[in-house]
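All of these numbers come straight from a predicted model, not from anything done at the bench.
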Amino acid sequence: MANLKVEEVRASKETVKEMQIAANMGILTVDTDGQTRPPREQEDVNWHELTNAFRTRKVLSGMLGGIEKLEGGWVVAVIQYKGYRVIIPMEEMMINLEGDGRENADTINRQTRLANNMLGAELDFIVRDMDQKTRSIVASRKEAMLRKRQLFYFTEGADGYPMVRPGRIVEARVIAVAPKAVRLEIFGVECSLKARDMAWEWMVDANDKFANGDIVLVKVLKMNAESPEHIQIEVSAKEAQANTNKENLMRLHKQGKYVGKITDVYKGTYFIHLNNGVNAVAHSCNTASLPGRKDEVGFLVTRINDETEVAEGIITRVIKRCM
């Protein structure tokens, strides 16, 4: 029994020693060059980073996590940044209201409505004020956007041209998505694209392909940059991609029957995206009842139009109705 107790003590000491060694070694992270810190220490590190960004007016980015109305009536956007809550007054969001269809409505209400659609998007901001005691942060998206506009649209590079210019392919952030339109932010400038300009293939709903926070490539088509405060830009996402329409058309055969989904209906014309990647148009239906948008249908090819890059034909049956 005595020997057993000695062995138990030795084993216990070895276990304690191993635990001490493990503690001294720290946690092995997936990023082998990284390191972990206790939560409180990490909070202090993040606060220090924000403080430096405040002093240097550095542009930061974070996810739009909420829209709130404060007690004083102020409407604010809430950005989540490394565990801290960053508040941006709605008038500092610099949301492009052009074409929202509510020109006679209150400006703040218009901005708030559009901001609600931007939840989950990645937005830039510059810290304008901080409070050490409450650890509260107030920021401006407008200041960050103007800074980026000056840098990317008005500062000449080594080739003598600004970084964003017509003909160049650039990255854009998806900041809001509707069924037939996508709102983008391109280095500080917002613009809206119709869904048909986002991809070569027709789509039922842009939400099926794009989401807030996505990064997409776009080609700059036109640009009018009078000053950092007044920039208009026209872009196309599909022009930044290879056009596979002609290649897809070669897969079809005249009088062939295919399956597709109706993406839109306009004045008796049905716009269909076939499962093999081809865009198709039908002017008539041989069905007991008329199909509708999002319905899955059978399609008979009567003509392959190489000029418009679409197949023309007839809807022969409704396979599945969208409920």
Side-chain angles (χ1 to χ4, degrees), residues 117 167-186 191-222 234-285 287 290-323:
N117 297 329
R168 185 168 187 184
I169 293 175
V170 300
E171 286 189 340
R173 287 175 176 160
V174 175
I175 58 173
V177 185
K180 292 189 177 183
V182 177
R183 181 176 283 256
L184 303 174
E185 188 252 297
I186 306 156
C191 69
S192 292
L193 260 68
K194 293 180 180 178
R196 65 169 179 259
D197 293 321
M198 289 297 297
W200 290 103
E201 67 271 17
W202 296 341
M203 60 189 80
V204 178
D205 188 332
N207 288 285
D208 296 336
K209 192 175 180 66
F210 304 100
N212 289 3
D214 287 351
I215 300 292
V216 297
L217 292 178
V218 298
K219 183 176 182 178
V220 181
L221 304 179
K222 296 179 182 178
E234 183 181 328
V235 301
S236 171
K238 72 178 184 181
E239 293 286 345
Q241 309 165 25
N243 182 359
T244 58
N245 283 346
K246 288 185 178 180
E247 181 183 340
N248 291 338
L249 279 173
M250 295 176 64
R251 303 173 186 169
L252 297 184
H253 295 277
K254 197 172 180 180
Q255 296 302 314
K257 295 180 180 179
Y258 304 92
V259 177
K261 186 173 285 188
I262 297 175
T263 61
D264 208 354
V265 182
Y266 182 72
K267 292 184 178 181
T269 300
Y270 295 86
F271 299 88
I272 307 161
H273 184 63
L274 302 180
N275 289 357
N276 57 13
V278 174
N279 296 325
V281 173
H283 296 284
S284 60
C285 303
T287 56
L290 293 177
R293 189 168 172 267
K294 297 186 179 183
D295 286 353
E296 190 174 59
V297 296
F299 178 81
L300 171 68
V301 177
T302 58
R303 180 170 179 248
I304 297 175
N305 193 328
D306 293 316
E307 186 176 341
T308 59
E309 299 179 348
V310 300
E312 299 174 7
I314 302 167
I315 293 176
T316 57
R317 58 177 295 213
V318 178
I319 298 172
K320 186 178 180 181
R321 290 193 179 275
C322 177
M323 303 303 292

Do [X] and [Y] make a side-chain contact, defined as non-hydrogen atoms from C-beta onward lying under 4.5 Å apart?
X      : Y      : answer
Thr269 : Val281 : yes
Ile186 : Cys191 : yes
Ser236 : Val218 : no
Val259 : Glu296 : yes
Leu184 : Val174 : yes
Gln255 : Leu300 : yes
Phe210 : Met203 : yes
Asp306 : Leu249 : yes

Show your reasoning for whether side-chain contact (heavy atoms from CB on, under 4.5 Å) applies to Trp200 and Glu239.
CA-CA 8 Å; Trp200 290 103; Glu239 293 286 345; 4.2 Å; yes
Count the heavy atoms of every other residue, nucleotide or ligand shown that sit under 6.0 Å from CZ of Arg173, and state whether that count exceeds 12.
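Yes, because the 6.0 Å sphere around CZ of Arg173 holds more than 12 heavy atoms from other groups.
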Quick one: which of Ile262, Ile319, Thr287 gives a side-chain contact (heavy atoms from CB on, under 4.5 Å) with Val297?
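With Val297 as partner, side-chain contact (heavy atoms from CB on, under 4.5 Å) holds for just one option, Ile262.
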Only one of Asn275, Val278, Val301 passes side-chain contact (heavy atoms from CB on, under 4.5 Å) with Tyr258; say which it is.
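Exactly one option meets the side-chain contact (heavy atoms from CB on, under 4.5 Å) with Tyr258, and it is Val301.
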Salt bridge (Lys or Arg N to Asp or Glu O under 4.0 Å) involving Lys257 - partner list, sequence neighbours excluded:
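By the salt bridge (Lys or Arg N to Asp or Glu O under 4.0 Å) rule, Lys257 matches no residue at all.
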Taking only Lys NZ, Arg NE, NH1 and NH2, and the carboxylate oxygens of Asp or Glu, determine whether [X] and [Y] approach each other closer than 4.0 Å.
X      : Y      : value
Glu201 : Lys238 : no
Lys180 : Asp205 : no
Arg303 : Glu312 : yes

I would like to know whether Asn243 and Glu309 meet side-chain hydrogen bond (donor to acceptor under 3.5 Å, both in side chains); could you show each step before the answer?
CA-CA 10 Å; Asn243 182 359; Glu309 299 179 348; 3.1 Å; yes
Side chain [X], main chain [Y], donor-acceptor under 3.5 Å:
X      : Y      : value
Gln241 : Met198 : yes
Asn212 : Ala176 : yes
Asn305 : Ala311 : no
Ser284 : Ile314 : no

Measure the spacing between [atom1] of [X] and [atom2] of [Y] and express it to the nearest 0.5 Å.
X      : Y      : atom1 : atom2 : answer
Asp264 : His273 : CG    : NE2   : 14.5 Å
Leu221 : Arg168 : CG    : CZ    : 15.0 Å
Arg293 : Lys261 : CZ    : NZ    : 10.5 Å

